[in-house]
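Positions are given from 1, in the same order as the sequence printed here. Just so it is clear, the model here is predicted, and its values are computed rather than measured.
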Amino acid sequence: MEHFLGWEVELADSCFDSSAFIMMDYRLRYQDSTSFTYVLPFSDRHALIEYTFFTSYLLKEDVYEDLLRQYLHKYLGSIPYQIRRTEQGVIPMTDYAFGNDHKRNLKKIETAGGWVRPSSGYSFSASGRYVDQIIKNIVRNRDIAPGVAQNRWRWYDRIFLHILQHNNVLGQGSLKRCTKTTTSNC
Ligand SMILES: Cc1cc2nc3c(=O)[nH]c(=O)nc-3n(C[C@H](O)[C@H](O)[C@H](O)COP(=O)(O)OP(=O)(O)OC[C@H]3O[C@@H](n4cnc5c(N)ncnc54)[C@H](O)[C@@H]3O)c2cc1C
C-alpha cells in the first residue's frame with residue numbers, strides 16, 4: 001500500500017525554493033521500510049509536505065505526524081510553522097488482474113478498473129489517456145476496453161512489488177533511477 005500523511009504548512013520565515021520540489025527524499029526513514037518525504041512548495045513559506053510509505057502495513061497516525069515534525073526540524077531549518085490543512089490516503093499497490101472483473105456490459109474504471117499504477121499509486125495522467133481511448137472506442141462503436149489499462153510496464157511493476165513485499169528496505173535502491181532528490185536551501 002502507498003499510505004501517507006501530508007501537512008500544508010505556512011512557515012514563519014522563508015525557506016522553500018518555489019521553483020523546485022523535493023521528491024522521494026529518503027534522508028528520514030522509518031525503521032527498515034521504503035518511506036520518504038515529498039516537499040511541494042507553493043511559495044517560499046508555504047508548502048505541502050508529505051510523509052509516505054510503500055509497505056504492507058499501516059501505522060498509527062502519530063507515527064506519520066512525528067516523522068513530519070522531525071523532517072521540518074531537521075531539514076527545513078526548524079522554523080516555526082502553522083498547519084493550514086492536512087491530507088491523508090491509502091492507495092492500493094497490487095498486480096491484481098482487475099480486467100477479469102469486467103462484464104460484457106459493465107466495465108470498471110479507475111481503482112476498480114486497475115488504472116492506478118501499482119508501483120507508484122499514481123493514476124491521474126494515465127486516467128486522461130484511458131478516458132480518451134474509451135471515447136475513441138465508443139465513437140468507433142467498439143467494446144470500450146481495448147487499449148485501456150494495458151501497459152508494457154506491468155512486468156516491471158510486478159518485480160518492484162515483489163521486492164517491496166519480501167525485502168521492503170530495498171525499495172529505495174530499486175527506485176533510485178527514477179527519483180530525484182534535491183536539498184533544501186534553509
Ligand atoms: C490525498 C491523496 C493524494 C493523491 N495524489 C495523487 C496525485 O498527485 N497523483 C495521482 O495520480 N494520484 C493521486 N492520488 C490517487 C488518486 O486520487 C486515486 O488513485 C484516484 O482518485 C482513484 O480514483 P477512483 O475513481 O477510483 O476513486 P475516487 O477518486 O476516490 O472516486 C470515488 C468516488 O466515488 C464516490 N463514492 C464512493 N462510494 C460511493 C457510493 N456508495 N455511492 C456513490 N458515490 C460513491 C466518492 O465520493 C468519490 O467521489 C491521491 C490520492 C489521495 C487520497
Side-chain angles (χ1 to χ4, degrees), residues 1-96 110-112 114-125 127 157-158 160-176 178-186:
M1 289 170 287
E2 174 174 350
H3 48 109
F4 51 91
L5 175 68
W7 283 353
E8 199 182 309
V9 293
E10 186 82 43
L11 304 183
D13 205 350
S14 53
C15 169
F16 304 121
D17 173 0
S18 57
S19 66
F21 53 84
I22 299 175
M23 270 182 84
M24 293 186 167
D25 182 348
Y26 286 95
R27 286 176 296 175
L28 180 64
R29 301 270 294 267
Y30 177 79
Q31 298 177 1
D32 286 339
S33 68
T34 294
S35 50
F36 46 86
T37 312
Y38 282 86
V39 182
L40 309 172
F42 303 105
S43 73
D44 59 356
R45 290 183 186 211
H46 178 199
L48 174 65
I49 304 181
E50 204 137 271
Y51 200 87
T52 304
F53 290 85
F54 284 178
T55 62
S56 54
Y57 54 84
L58 297 174
L59 291 153
K60 289 193 176 147
E61 191 162 332
D62 58 355
V63 175
Y64 306 77
E65 289 171 346
D66 184 51
L67 288 158
L68 286 169
R69 262 186 231 108
Q70 283 188 52
Y71 191 89
L72 280 148
H73 178 66
K74 283 189 184 168
Y75 304 114
L76 296 172
S78 208
I79 299 169
Y81 60 89
Q82 282 196 325
I83 302 167
R84 280 190 174 184
R85 197 180 64 87
T86 66
E87 68 168 31
Q88 64 188 117
V90 182
I91 300 170
M93 299 174 80
T94 175
D95 62 352
Y96 175 77
E110 268 296 338
T111 309
W115 293 14
V116 178
R117 184 92 194 260
S119 57
S120 68
Y122 291 149
S123 69
F124 295 159
S125 60
S127 299
D157 287 341
R158 255 182 226 131
F160 181 53
L161 292 180
H162 186 84
I163 293 167
L164 287 180
Q165 186 171 7
H166 297 285
N167 206 340
N168 194 263
V169 71
L170 296 181
Q172 176 186 357
S174 320
L175 282 165
K176 230 174 198 162
C178 58
T179 62
K180 180 172 177 251
T181 302
T182 57
T183 49
S184 148
N185 290 333
C186 48

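- Between L48 and Y38, the closest side-chain pair of non-hydrogen atoms is not below 4.5 Å.
- In this view, L68 and L5, W7, I49, Y51 satisfy the side-chain contact (heavy atoms from CB on, under 4.5 Å) rule, not counting sequence neighbours.
- Residues I79 and C15 share a closest heavy-atom pair of CD1-CB, 3.7 Å.
- Partners of S18 by side-chain contact (heavy atoms from CB on, under 4.5 Å), not counting sequence neighbours: none found.
- Among H3, M1, E2, Q165, the one residue that satisfies the side chain to side chain contact (heavy atoms under 4.5 Å, CB included) test with T55 is H3.
- The aromatic rings of Y30 and Y57 lie tilted to each other, with the angle between the two planes from 30° to 60°.
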Q.
For Q88 and Y64: C-alpha separation, side-chain torsions, deciding distance, then whether side-chain contact (heavy atoms from CB on, under 4.5 Å) applies.
A. CA-CA 10 Å; Q88 64 188 117; Y64 306 77; over 6 Å; no

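- Between F4 and I91 the shortest side-chain heavy-atom distance falls below 4.5 Å.
- Here the side chain of T34 pairs a donor or acceptor atom with the backbone of N168 at under 3.5 angstrom.
- Taking all atoms of both residues into account, the shortest heavy-atom contact from F16 to S43 is CB-O, 3.5 Å.
- Every residue two or more places apart in sequence or in another chain that forms a side-chain hydrogen bond (donor to acceptor under 3.5 Å, both in side chains) with E8 is listed here: H46, R85.
- Less than 6.0 angstrom separates the ring centroid of F54 from the ring centroid of F36.
- The distance from atom CG of L76 to atom CD of Q70, rounded to the nearest 0.5 Å, is 12.5 Å.
- In terms of the side-chain hydrogen bond (donor to acceptor under 3.5 Å, both in side chains) criterion, residue partners of S127 (sequence neighbours excluded) are, by chain and number, E110.
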Q: Could you give me the CA-CA distance, side-chain angles and deciding distance for L28 and L67, then say whether side-chain contact (heavy atoms from CB on, under 4.5 Å) is met?
A: CA-CA 8 Å; L28 180 64; L67 288 158; 4.0 Å; yes

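- Inter-residue side-chain proximity for T111 and P92 is flagged as met; some heavy-atom pair is nearer than 4.5 Å.
- A side-chain hydrogen bond (donor to acceptor under 3.5 Å, both in side chains) with E10 is found for one member of R45, R84, Q82 and no other, namely R84.
- Remark: M93 CE to L161 CG distance equals 6.0 Å, nearest 0.5 Å.
- Among residues two or more places apart in sequence or in another chain, the side-chain contact (heavy atoms from CB on, under 4.5 Å) test is passed with D32 by V169.
- For the residue pair D25 / Y71, a side-chain donor-acceptor distance below 3.5 Å is found, with atom types taken as modelled.
- The CD1 atom of I83 sits 8.0 Å away from the CG atom of L72 when rounded to the nearest 0.5 Å.
- Remark: F124 engages no residue in a side-chain contact (heavy atoms from CB on, under 4.5 Å) (not counting sequence neighbours).
- Side-chain N or O atoms of R158 include none that pairs as donor or acceptor with a backbone N or O of H162 at under 3.5 Å.
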